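In what follows, a single structure is set out as structure tokens and then discussed.
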Amino acid sequence: MVREWDPRTASSDEVASVLDTLNAVLAADLPQDPPWRESSLREYLSEVMPGERRISWVAQAEPGQDGRPGPILGHVHALLLGDIGVLEVLVHPAARRSGLGRELVLIAARRVYQEGFRSIGVEVVGDTPAVAFYESLGFTREYVETRSVLDLRAVDWPTLAEMSTGVGAGYHLEFCPGGPPDDLIEAYARAKAEVRDVDDGELRPSSYDPQRLRDSLDTLHRRGMKPYIVLALHEHSGEVAGLTEVVVPAQHPTRADQYDTIVVQDHRGYGIDRAIKARMLLELRSAEPTLTEVQTWNAQANEAMLKVNAELGYRPDREWCEYSVDVAELVHRLDAAR
């Protein structure tokens with residue numbers, strides 16, 4: 001049985017069942033990734049940026065002989081933002097090849113179409129069954145990043161400390177747990193608006209203006225995700241010359257997520273990129289003592305950032321792909337196949 005589902009009002013048992021399915025998928029497809037925890041999972045699944053909406057459905061097994069609700073075997077989330085609907089579909093490995101995944105995609109795609117959106121996007125992890133699944137539905141690969149993972153237990157900390165001081169004269173670094181100070185918000189937003197270390201093809205836009213940046217930071221906190229930021233400040237102008245962002249989610253607190261790393265065009269060539277990322281790792285060592293890994297994503301064409309990551313000790317893990325499809329064509333194709 002597939003039904004619309006609201007994580008904000010769902011029972012604790014249902015949230016726990018969704019977590020079980022998520023971890024079963026991770027164990028099957030990404031066995032090296034740490035399992036997720038229930039901490040702030042409800043908030044993670046429900047909180048969104050202003051102007052965005054998330055609609056969710058679950059597929060639940062029939063009740064058992066004792067009348068207790070059956071486990072949730074799959075779920076799909078449709079995040080409606082900008083001019084696209086972004087889907088996330090998870091099906092328990094025990095329920096795969098039953099048509100459940102296609103049914104979940106169809107239900108979500110119909111709603112996205114009814115809401116007036118013209119395209120659907122999905123993130124697909126390379127070397128997992130999701131690649132063949134989405135390609136069989138007509139999704140087209142639009143963008144590819146490389147995910148790399150840093151094992152903090154293998155880091156050469158003295159060398160990292162030297163890297164963190166390797167920034168040119170006229171700049172100094174500041175560590176900002178929780179987000180940048182309000183007096184730097186506008187300068188921070190200007191730096192993010194000028195350039196990022198990923199292409200504009202990614203599904204979720206970065207925060208380009210001060211209010212959106214504030215909203216983004218507030219949303220992260222409400223979702224149980226702690227942001228940490230290191231800024232490179234140009235001493236003469238006071239402008240943000242570079243920045244790097246790492247988020248530690250309560251849902252998997254042993255592995256942090258690297259977000260944007262940016263060096264403004266006029267300030268490149270002064271060692272800022274390597275210095276701010278090295279400083280971040282040193283700060284995380286103290287701020288998050290249980291953290292063991294950091295994962296980052298980079299466009300494959302961004303050779304400069306890939307080189308910096310390699311110097312810091314990151315190791316390429318697998319491809320992370322973005323696929324898209326015309327909503328009307330997808331709905332027609334799936335309806336015709338029923």
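Being a predicted model, the structure only gives us computed values, none of them experimental. Heavy atoms only: backbone and side chains are in, while hydrogens, waters and symmetry mates are out.
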- Query: Side chains of Pro180 and Leu217: closer than 4.5 Å at any heavy-atom pair?
  - Reply: yes
- Query: Cut-off 3.5 Å, side chains only: do Tyr143 and Gln300 have a donor facing an acceptor?
  - Reply: no
- Query: Between Glu43 and Arg8, is there a salt bridge with N-O shorter than 4.0 Å?
  - Reply: no
- Message: Between Glu322 (side chain only) and Glu123 (backbone N and O only), is there a donor and an acceptor less than 3.5 Å apart?
- Response: no
- Note on the structure: Across all chains, not counting sequence neighbours, the salt bridge (Lys or Arg N to Asp or Glu O under 4.0 Å) partners of Asp335 are Arg110
- Is any side-chain N of the basic residue among Asp182 and Arg214 closer than 4.0 Å to the acidic one's carboxylate O? yes
- Across all chains, not counting sequence neighbours, the salt bridge (Lys or Arg N to Asp or Glu O under 4.0 Å) partners of Asp218 are Arg222
- Can we say Glu311 and Lys277 salt-bridge, meaning some charged N sits less than 4.0 Å from an Asp/Glu carboxylate O? no
- Query: Who passes salt bridge (Lys or Arg N to Asp or Glu O under 4.0 Å) against Arg255, sequence neighbours left out?
  - Reply: Asp33, Glu293
- Query: Do Gln265 and His267 meet the criterion of a side-chain donor-acceptor pair at a distance under 3.5 Å?
  - Reply: no
- Contact check, side chains of Leu282 and Trp157, non-hydrogen atoms, under 4.5 Å: yes
- Item | Nearest-0.5 Å distance that lies between atom OG in Ser119 and atom CG in Leu330 | 11.0 Å
- Are Val105 and Ile107 connected, step by step, through hydrophobic side chains (Ile, Leu, Val, Met, Phe, Trp, Tyr) whose heavy atoms are closer than 4.5 Å? yes
- Item | Heavy-atom pair of closest approach, residues Leu220 and Pro227 | CD1-CB, 4.1 Å
- Message: With a 4.5 Å cut-off on side-chain heavy-atom distances among I, L, V, M, F, W and Y, is there a chain of contacts connecting Leu100 to Leu137?
- Response: yes
- Query: Does a side-chain heavy-atom distance below 4.5 Å link Leu81 with Met49?
  - Reply: no
- Message: Quick check: do Met225 and Gln251 have side-chain heavy atoms less than 4.5 Å from each other?
- Response: yes
- Message: Would you say that more than 12 heavy atoms from the other residues, nucleotides or ligands in this model lie under 6.0 Å from the CD of Glu38, or not?
- Response: yes
- Task: Compare all side-chain heavy atoms of Tyr188 with those of Ile229 and state whether any distance is below 4.5 angstrom.
- Result: yes
- Can you tell me how far the CG atom of Leu22 sits from the OG atom of Ser17, to the nearest 0.5 Å? 11.5 Å
- Message: Once rounded to the nearest 0.5 Å, what's the spacing between atom OG1 of Thr159 and atom CG of Leu312?
- Response: 11.0 Å
- Interatomic spacing from NE2 in His75 to CH2 in Trp5 - rounded to 0.5 Å: 7.0 Å
- Would you call Tyr323 and Val131 a side-chain contact if the rule is heavy atoms closer than 4.5 Å? yes
- Rounded to the nearest 0.5 Å, how far does CD1 of Ile262 lie from CG of Leu231? 11.0 Å
- Rounding to 0.5 Å, atoms CD1 (Ile185) and CZ (Arg212) come to a distance of 13.5 Å
- Query: Do NZ/NE/NH1/NH2 and the carboxylate oxygens of Asp260 and Lys192 come within less than 4.0 Å?
  - Reply: yes
- Query: Can you find a heavy atom in the side chain of Asn309 that is under 4.5 Å from one in the side chain of Leu150?
  - Reply: no
- Message: Membership question, hydrophobic clusters at under 4.5 Å side-chain separation (ILVMFWY): are Trp36 and Val149 in the same one?
- Response: no
- Query: Any side-chain donor-acceptor pair under 3.5 Å between Glu47 and Thr219?
  - Reply: no
- Item | Under-4.0 Å salt bridge between Arg190 and Glu239 | yes
- Task: Check whether the side chains of His77 and Ser56 place a donor and an acceptor atom closer than 3.5 Å, and report yes or no.
- Result: yes
- Message: In this structure, would Leu173 and Met305 fall into the same cluster of hydrophobic residues linked by side-chain contacts under 4.5 Å?
- Response: yes
- Query: Is the number of heavy atoms from other residues, nucleotides or ligands under 6.0 Å of Tyr113 OH greater than 12?
  - Reply: no
- Within-4.5 Å side-chain heavy-atom neighbours: Val263 and Arg268: yes
- Arg147: which of Gln295, Gln258, Glu319 passes side chain to side chain donor-acceptor pair (under 3.5 Å): Gln295
- What do the steps show when you test Asp83 against Arg118 for side-chain contact (heavy atoms from CB on, under 4.5 Å), and what is the final call? CA-CA 7 Å; Asp83 59 356; Arg118 302 178 68 176; over 6 Å; no
